[in-house]
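Just so you know, these numbers come straight off a predicted model, no measurement behind them.
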Amino acid sequence: MNDTLRILVAEDNPGDVELVREALREYNVDCKLYVARDGGEVEQYLERLGKYEDAPRPDLLLLDLNLPKAHGFELFQMFRAHAQCTATPVVIMTSSSAPRDRERAAALGAARYFCKPCELAEFLKLGSVVRDVVHERGLAVA
């Protein structure tokens with residue numbers, strides 16, 4: 001069994017992907033990241049899931065709501081509908097602080113809702129959010 005935490009990051013901004021990497025390092029979350037840059041890549045990942053080594057079942061999904069080719073909530077529902085992802089925690093990571101987005105994320109069962117801040121120190125707190133979800137769910141973390 002592979003005990004390295006696997007995180008699928010659905011994020012179209014390469015700068016934010018690097019901030020995610022830094023946040024995880026900052027909070028000692030040892031993991032393998034798989035990055036999907038748009039909704040189409042998330043869909044392809046899900047199609048390949050369980051069939052190919054480059055698409056293992058993720059232990060966690062970090063999902064930006066504003067992605068090209070598909071809205072984050074559509075992807076969230078598609079992710080949840082996949083047989084291997086029904087119980088996988090999802091952390092919404094978005095610039096939207098709209099109450100309706102928070103409510104919809106909660107209704108879909110998001111583990112957390114993280115508003116991307118402008119300040120680096122605040123963004124790095126995403127690592128703490130991920131670490132907390134990992135510990136709550138009893139997922140492997142080195």
Side-chain angles (χ1 to χ4, degrees), residues 2-50 52-142:
N2 184 359
D3 53 355
T4 299
L5 185 70
R6 296 172 307 266
I7 300 176
L8 176 58
V9 179
E11 172 60 66
D12 62 319
N13 182 327
D16 284 352
V17 171
E18 287 310 308
L19 288 172
V20 167
R21 288 183 201 282
E22 184 59 30
L24 296 172
R25 271 193 298 270
E26 181 79 16
Y27 283 88
N28 299 312
V29 178
D30 185 27
C31 61
K32 170 79 173 137
L33 290 187
Y34 300 86
V35 179
R37 295 168 297 199
D38 61 40
E41 288 185 11
V42 173
E43 290 176 23
Q44 289 172 357
Y45 189 96
L46 290 173
E47 287 171 10
R48 297 175 59 83
L49 188 57
Y52 302 96
E53 283 187 28
D54 66 339
R57 185 190 58 76
D59 298 304
L60 180 83
L61 170 62
L62 288 176
L63 177 62
D64 183 12
L65 291 181
N66 300 310
L67 291 171
K69 299 185 183 177
H71 191 273
F73 286 127
E74 293 170 21
L75 296 170
F76 192 153
Q77 291 173 308
M78 184 182 306
F79 184 78
R80 270 289 178 259
H82 194 286
Q84 293 189 34
C85 302
T86 58
T88 303
V90 176
V91 174
I92 301 295
M93 148 183 101
T94 183
S95 56
S96 172
S97 61
R100 72 180 182 284
D101 286 341
R102 287 180 178 276
E103 290 165 8
R104 187 163 182 202
L108 289 171
R112 296 286 191 289
Y113 192 98
F114 181 80
C115 275
K116 295 181 202 174
C118 295
E119 299 294 322
L120 174 63
E122 292 299 311
F123 197 114
L124 293 179
K125 290 179 181 176
L126 175 64
S128 175
V129 169
V130 169
R131 189 186 60 204
D132 290 348
V133 169
V134 164
H135 287 299
E136 287 170 9
R137 303 293 175 106
L139 300 172
V141 133

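Here the closest heavy-atom approach between residue Pro68 and residue Arg37 is recorded as CD-O, 4.0 Å. Residues Tyr45 and Pro58 come closest through the heavy atom pair CE2-CD, 4.1 Å. Taking each heavy atom of Leu49 and Cys85 in turn, the nearest pair found is CD2-SG, 3.4 Å. Counting all heavy atoms, side chain and backbone alike, Phe114 lies closest to Lys125 at CE1-C, 4.2 Å. Minimum interatomic distance between Ala110 and Ile92 (heavy atoms only, all atoms of both residues): CB-CG1, 3.9 Å. Heavy atoms only, all atoms of each residue included: Leu63 and Gly72 are closest at CD2-O, 3.3 Å.
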Problem - Working for side chain to side chain contact (heavy atoms under 4.5 Å, CB included), residues Arg137 and Leu60 - result: CA-CA 10 Å; Arg137 303 293 175 106; Leu60 180 83; over 6 Å; no

Exercise for the section: Start with the C-alpha distance between Arg21 and Glu18, add both sets of side-chain angles, then the distance that settles salt bridge (charged side-chain N to carboxylate O under 4.0 Å, His left out), and finish with yes or no. Expected result: CA-CA 5 Å; Arg21 288 183 201 282; Glu18 287 310 308; 3.2 Å; yes

Practice task
Before giving the answer on salt bridge (charged side-chain N to carboxylate O under 4.0 Å, His left out), spell out for Arg57 and Asp59 the whole-Å C-alpha distance, their side-chain angles and the decisive distance to 0.1 Å.
Solution key: CA-CA 7 Å; Arg57 185 190 58 76; Asp59 298 304; 3.4 Å; yes

Practice task
Could you please spell out the steps behind the side chain to side chain contact (heavy atoms under 4.5 Å, CB included) verdict for Tyr27 and Val130?
Solution key: CA-CA 9 Å; Tyr27 283 88; Val130 169; over 6 Å; no

Handout entry: Trace of the side chain to side chain contact (heavy atoms under 4.5 Å, CB included) decision for Val35 with Glu11
Key = CA-CA 7 Å; Val35 179; Glu11 172 60 66; 5.6 Å; no

Practice task
Step by step, work out the side chain to side chain contact (heavy atoms under 4.5 Å, CB included) result for Leu126 and Met93.
Solution key: CA-CA 9 Å; Leu126 175 64; Met93 148 183 101; 3.7 Å; yes

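Rounded to the nearest 0.5 angstrom, His82 NE2 and Thr88 OG1 are separated by 10.0 Å. In this structure, the separation between NZ on Lys116 and CG on Asn66 is 7.5 Å, given to the nearest 0.5 Å. Note that the OG1 atom of Thr94 and the OH atom of Tyr113 stand 5.0 Å from one another [nearest 0.5 Å]. Separation of atoms CZ (Arg102) and OG (Ser97) is listed at 6.5 Å; rounding is to 0.5 Å. Taking CD1 from Ile7 and SG from Cys31, the interatomic distance works out to 4.0 Å, rounded to the nearest 0.5 Å. Taking CZ of Phe79 as the start and CD of Gln84 as the end, the distance is 10.0 Å to the nearest 0.5 Å.
Between Phe123 and Asp16 there is a side-chain heavy-atom pair separated by less than 4.5 Å.
Atom CZ of Arg104 sits in a crowded spot, with more than 12 heavy atoms from other residues, nucleotides or ligands closer than 6.0 Å.
Of the possible donor and acceptor atoms, none in the side chain of Arg25 sits under 3.5 Å from a partner among the backbone N and O of Val20.
For the side-chain contact (heavy atoms from CB on, under 4.5 Å) criterion with Lys69, the lone passing option out of Asp12, Asp38, Val42, Leu75 is Asp38.
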